[in-house]
Amino acid sequence: MNNKLPLISDKKPDHVDYKTILNENELNNLIKKISGISEIAVDTETTSASPTRADLVGISLSFKEGEAYYIPLAHRYTKAPKQLDLPMVLERLRPVLENPKIKKVGQNIKYDYIVLKKTGLEIKDMNFDTMIASHLLNPVRGEHNLSHLSLKHLGYKMLSFQELVGDKETIADIEIDKVAHYACEDADFTLRLKNKLLPLLEKEKLDKIFYDLEMPLVTILANMEVNGIKVDKTFLTPLLKDLKEEIGKMSEEIYTLTKERFNLNSPQQLSRILFKKLKLVPAKKSKTGYYSTSASILEEIKDKHPAIEKILEYRNITKLADGFVEPLIKYINPKTGRIHTSYFQIGTSTGRLASSDPNLQNIPIKGTRGKNLRKAFIAEKGHVLCSADYSQIELRIMAHFSKDELLIRAFKEEKDIHKDTAMHLFNIPEEEVSEDDRRKAKAVNFGIIYGISSYGLAQGMGIKREKAAEIIRNYFSTHPGVKKFIDDTLEDTRRKGFVTTLMGRKRKITNINSENATLRFQAERETINTPIQGTAAEVIKIAMIKINDRFKEFQLKTRMLLQIHDELLFEVGKKEIEVVTGIVKECMENAVDLNIPLKISTGIGKNWLEAH
DNA sequence: GCCGTCACG
DNA sequence: ACGTACGTGACGGCA
């Protein structure tokens, strides 16, 4: 990395030329200047941090370092000057922003795309997002905002948004002159950053994944957020009422059994009741002074006291009510009747997406009660939901990377992979593999993907560590290809200090040579898991781009709604079901060419439970 | 703000 | 002997 960065300072670039556009004459001059350019940085100022709720306050543009323009549109403080008419400005900017031959540069440009799309303007050719570029260069959390990047790569300390807005409600309440400088800096610095970051991407050979994968994905994610998913409020509201009633009843029953009222939601208080007052014996210690009350611990002492089972069920129901049903109702947009999640493209260190506000990547599917919740996610009238998910994508990728004979053969012959693993692991013929053998083999396969350890496997299988160690030895002797892949990957990473995925995404592994065994083991598991999880993330991203292209090509109305790591969910017009299913299968299974086949399964239904 | 807990892939 | 399965987001409690 470049270690000749300037020290923290208030140094600003010399000779900046920032202008505010307040009348049509100035706008005309700006448009004239823009015609013929090939690249422009765009930044919108808005009233809220959430793009689906935000209103536009102003737009800043820069097409040359040190030169930027701010077009105020909706500043509303007393004595605010008259500003240009929004529809008129949009029509003037449309030939530029919708021109696919002019490259758009932005910092978190998905945000600006959504804000402008709501006004009816669609940015075309989002070419460079400095936030995404920075994350590719170092996939860690929380170091990719504009002020951080400016300091790191340009040596400029920017005025923070907080310093600009102070105690005022929104940016619309701040004087145009102040905002103009801030907004122009945003556009100007974004353009300057692009010029710094592109050579770095090229040097690290990250430009291909940036231009071919991450940037095309921005528009797709933005549209998925704008699409949202329809949620049946009439299903959730009575469900919440029932759950709340049940919670009330259950807590009374528990207090009776424990002969004391306390805050059931407090792990600390619950721990005191169970392990001090009732003198139950926990299986594990805790660091923070009281014994853990987690489900796995309580499961083990379930038959020791009648309250335990009730507490587990209480937890289950409160999790549903407080963690899912209530927030989901709140997140239904009154204008659209739909929930618009937010996708975070730089949210993980492996290249997966993250979903928030609300997180729609962790909607329950396992328990009977939780599963039911998926009935609330429904299709628009005349439509159905179509779900498509990869079968065993991570194990298939492990098979590809390791070239392990048994794994490759199992996938080529479309075997039940866990059953197949059990056969070889326990050396028994197929017809003698019991459900329990299969379950054990499944835990081993999970372990392989996570960077296996005897301790972790023992926990996952509910057996002794020594026994787990023996199973791992067996696995490696029957799967020498996997063993070699793990050894080679670790060796390579110890030398280079980072791991790579199929398309060349890198993750720095800081502690791979640490003296501290705990840190080193953690680093080793990251080393094994990252290429697997990261490549799976790339495969589905490629599929999303291909699917999007085909939908456009065939002018389909089907909308992509959700991505849940190895699953895509679509809202399909009833006439398009067959053609969509075909496209989705073709694009997902042929996203990349590996030495094992990729397989998906699809489902159709009026709600998410039925479709999955 | 951090911790314990728990939902998902 | 060490002591955690990988990657996330979000809740309520507590300091």
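Reminder, nothing fancy here: chain letters follow the sequence lines and each chain counts from 1. Keep in mind that this is a model prediction, so the values were computed, not measured. Computed from heavy atoms alone, side chains included, the values below leave out hydrogens, waters and symmetry copies.
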Original post:
So what does Ala536(A) hit on the nucleic acid, given a heavy-atom distance under 4.0 Å: a base, only sugar-phosphate, or nothing?
Top reply: nothing
**OP:** Would you indicate, yes or no, if dG9(C) has its OP1 or OP2 atom less than 4.0 angstrom from a side-chain nitrogen or oxygen of Ser355(A)?
**Re:** no
Original post:
According to the Watson-Crick and G-U wobble definition with distances under 3.5 Å, which dot-bracket string, read 5' to 3', encodes DNA chain B, using [ ] for crossing pairs and | for pairs with another strand?
Top reply: |||||||||
Subject >> Arg352(A) side chain near dC8(B) phosphate (N/O to OP1/OP2, under 4.0 Å) >> reply: no
Original post:
For residues 361-378 of chain A, which residues have at least one heavy atom under 4.0 Å from DNA chain B?
Top reply: Gln361(A), Asn362(A), Ile363(A), Pro364(A), Ile365(A), Lys366(A)
Original post:
Base, sugar-phosphate, or nothing: which does Asn516(A) touch, judged by heavy atoms less than 4.0 Å apart?
Top reply: nothing
Original post:
Heavy atoms under 4.0 Å, any strand shown: does Thr530(A) hit a base, just sugar-phosphate, or nothing?
Top reply: nothing
Subject >> Sugar-phosphate only, base, or nothing, as touched by Ser349(A) at under 4.0 Å among non-hydrogen atoms >> reply: sugar-phosphate
Original post:
In residues 469-480 of chain A, what residues come within less than 4.0 Å of DNA chain B, judged by heavy atoms?
Top reply: none
Original post:
Counting any heavy atom closer than 4.0 Å, what does Ala443(A) reach on the DNA or RNA strands: base, sugar-phosphate only, or nothing?
Top reply: base
Original post:
For dT5(B), does either OP1 or OP2 sit under 4.0 Å from a side-chain N or O belonging to Thr293(A)?
Top reply: yes
Original post:
Does a side-chain N or O from Asn529(A) land closer than 4.0 Å to OP1 or OP2 of dG7(C), or not?
Top reply: no
Original post:
So what does Gln269(A) hit on the nucleic acid, given a heavy-atom distance under 4.0 Å: a base, only sugar-phosphate, or nothing?
Top reply: sugar-phosphate
